[in-house]
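All values reported here derive from a predicted model rather than from experimental measurement.
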Amino acid sequence: MSNPTPAKAASPTTPVPVKPLPFHWQLFAGAVAGVTELVTMYPLDVVKTRFQLQVGKGGPDGYTSIADCFRKIIKQEGFGRLYRGILPPILVEAPKRATKFAANEQYTAMYKKMFNVQGKMPQHLVTLTGVSAGCTEAFLVVSFELVKIRLQDKNNAGKYKHATWNGGYFSVINIVNDNLPHTDTYWGSMGNKFISGTIGGAFGTMLNTPFDVVKTRIQNQAVGTVRKYNWTLPALATIAKEEGATALYKGFVPKVLRLGPGGGILYVVYDQVTTFIRANMM
């Protein structure tokens with residue numbers, strides 16, 4: 001009598017179905033990721049602001065490099081100065097990041113159902129999901145700022161900014177994840193997520209910086225004067241024509257130094273928090 005055929009073991013490459021996370025837990029995980037990223041990268045934002053406020057080389061006490069700025073702030077003003085004013089950004093960034101990831105999860109589920117996708121999402125739907133999440137984030141965040149906003153176009157610039165960053169971020173994460181060497185180790189997996197999140201954050205920053213420059217120009221126009229910048233897309237053309245295309249990327253280096261690694265931190269922390277919730281809260 002022949003022995004029964006043993007059950008076939010699951011292939012190690014077969015993806016394990018991930019339990020869907022309730023919406024409130026998605027919001028929670030996004031908020032934790034956002035606060036973690038902000039606390040980690042906030043000192044770089046302080047340094048960026050110091051450079052923006054510095055006229056010329058700033059004299060003998062001016063900042064000559066990012067490292068020099070860090071050194072002088074800590075030596076002359078104390079380490080705590082690097083975190084001065086962090087509370088207002090936390091109050092804003094926590095709901096923004098919560099919305100970003102929760103909306104991305106919700107749109108992923110919606111588009112999978114709408115287009116009858118089984119398993120992995122195709123790249124064009126990943127991009128559409130990210131853009132949709134960015135538009136939702138912009139709608140919610142900008143709505144809270146309407147009281148202090150006088151130019152409707154600033155809203156539009158903000159929507160472009162959020163949509164392009166999220167679209168680039170989530171889309172590139174998907175591409176990079178597919179091309180990194182597979183690893184079953186905990187630290188290797190986290191390393192891959194940090195790399196893909198960092199590249200995604202850098203790419204999203206590259207896409208949205210011109211809209212951020214335009215938003216700042218529109219916002220800084222004095223009330224009661226003739227407005228030079230009235231609409232987002234024409235303002236992009238005006239700046240590029242008068243100052244050159246590179247003017248659309250002013251402040252890019254310190255911004256990408258924050259939002260590149262910041263995107264990696266966001267992705268890793270969100271993944272770790274959601275993994276913990278699935279294992280212990282559901």
Side-chain angles (χ1 to χ4, degrees), residues 30-98 100 141 145 148 158 161-162 165 169 187 190-191 193-217 219-220 222 239 243-244 246-273:
V32 172
V35 172
T36 302
E37 183 271 336
L38 181 64
V39 170
T40 304
M41 305 304 293
Y42 189 78
L44 191 59
D45 199 52
V46 172
V47 169
K48 179 202 71 172
T49 302
R50 291 295 180 94
F51 273 107
Q52 289 178 336
L53 294 175
Q54 179 171 276
V55 178
K57 295 188 179 297
D61 295 325
Y63 309 119
T64 58
S65 66
I66 291 176
D68 179 62
C69 188
F70 271 118
R71 182 181 62 81
K72 287 179 177 175
I73 290 175
I74 294 172
K75 182 179 179 180
Q76 297 171 7
E77 305 171 52
F79 182 82
R81 190 73 173 188
L82 294 173
Y83 283 92
R84 184 176 180 180
I86 194 174
L87 183 58
I90 283 179
L91 295 177
V92 173
E93 290 300 319
K96 279 175 60 177
R97 298 295 191 252
K100 176 194 302 295
V141 172
E145 296 178 347
K148 65 178 181 180
K161 174 184 170 184
H162 285 291
W165 197 91
Y169 179 63
W187 292 109
M190 281 219 302
K193 287 182 171 62
F194 181 77
I195 291 171
S196 59
T198 298
I199 296 174
F203 186 75
T205 302
M206 184 183 71
L207 291 179
N208 86 344
T209 294
F211 296 112
D212 196 37
V213 170
V214 167
K215 178 178 71 69
T216 300
R217 294 289 182 93
Q219 185 177 10
N220 287 342
I239 294 172
E243 305 173 48
T246 56
L248 294 173
Y249 282 89
K250 286 185 175 180
F252 175 76
V253 173
K255 185 176 180 183
V256 79
L257 286 176
R258 177 191 171 180
L259 294 178
I265 293 170
L266 276 174
Y267 187 33
V268 168
V269 174
Y270 183 79
D271 177 76
Q272 291 299 299
V273 173

Fill in: Pairs meeting criterion salt bridge (Lys or Arg N to Asp or Glu O under 4.0 Å) with involvement of residues 80-91, two or more places apart
Glu77-Arg81
Discussion item. List the residues meeting ring pair (Phe, Tyr, Trp, His ring centres under 6.0 Å) with Phe203, not counting sequence neighbours, and say none if there are none.
Written reply: none
Worksheet item: How long is the gap from CG on Asp212 to CG on Leu259, to the nearest 0.5 Å?
Response: 9.0 Å
Worksheet, complete the sentence: In short, Ala94 meets Val35 closest at the heavy-atom pair CB-CG2, 3.9 Å
Worksheet item: Closest approach of Leu266 and Arg97, non-hydrogen atoms and distance?
Response: CD1-NE, 3.6 Å
Discussion item. The criterion is side-chain contact (heavy atoms from CB on, under 4.5 Å); which residues satisfy it with Phe79, sequence neighbours excluded?
Written reply: Ile74, Leu82, Tyr83
Practice prompt. Can you tell me which residue pairs pass the side-chain hydrogen bond (donor to acceptor under 3.5 Å, both in side chains) test with a partner in residues 193-206, sequence neighbours excluded?
Written response: Trp165-Thr205, Asn177-Ser196, Ser189-Lys193
Item to complete: Hey, could you give me the OH/CD1 distance between Tyr169 and Ile199, rounded to the nearest 0.5 Å?
Response: 12.0 Å
Worksheet item: Can you pull the salt bridge (Lys or Arg N to Asp or Glu O under 4.0 Å) pairs that have at least one residue in residues 256-270, sequence neighbours excluded?
Response: Glu37-Arg258, Asp45-Arg258
Worksheet item: Of all residues at least two apart in sequence or in a different chain, which pass the side-chain contact (heavy atoms from CB on, under 4.5 Å) check with Gln272?
Response: Tyr186, Met190, Val268
Worksheet, complete the sentence: Pro88 and Gly85 have their tightest heavy-atom pair at CD-O, 3.4 Å
Response to the item:
Nearest heavy-atom approach of Met41 to Pro261 is CE-CB, 4.0 Å
Discussion item. Please check: side-chain N/O of Tyr267 versus main-chain N/O of Ile195, any donor-acceptor pairing under 3.5 Å?
Written reply: no
Worksheet item: About how many Å separate OH of Tyr63 and CD1 of Ile73, when rounded to the nearest 0.5 Å?
Response: 5.0 Å
Practice prompt. Kindly give the heavy-atom pair with the smallest separation between Ile90 and Pro95, and that separation in Å.
Written response: O-CD, 4.2 Å
Worksheet entry | side-chain hydrogen bond (donor to acceptor under 3.5 Å, both in side chains) involving Arg71 - partner list, sequence neighbours excluded | Asp68
Worksheet entry | Interatomic distance, Ile86 atom CD1 to Leu91 atom CG [nearest 0.5 angstrom] | 10.5 Å
Worksheet entry | Partner residues of Val32 under the side-chain contact (heavy atoms from CB on, under 4.5 Å) criterion, sequence neighbours left out | Phe28, Thr36, Val269, Val273
Practice prompt. Tell me, please, which residues at least two apart from Leu248 pass side-chain contact (heavy atoms from CB on, under 4.5 Å).
Written response: Pro210, Leu236, Ile239, Ala240
Discussion item. For Lys100, give me all partners under side-chain hydrogen bond (donor to acceptor under 3.5 Å, both in side chains), at least two apart in sequence or on another chain.
Written reply: Glu137, Asn166
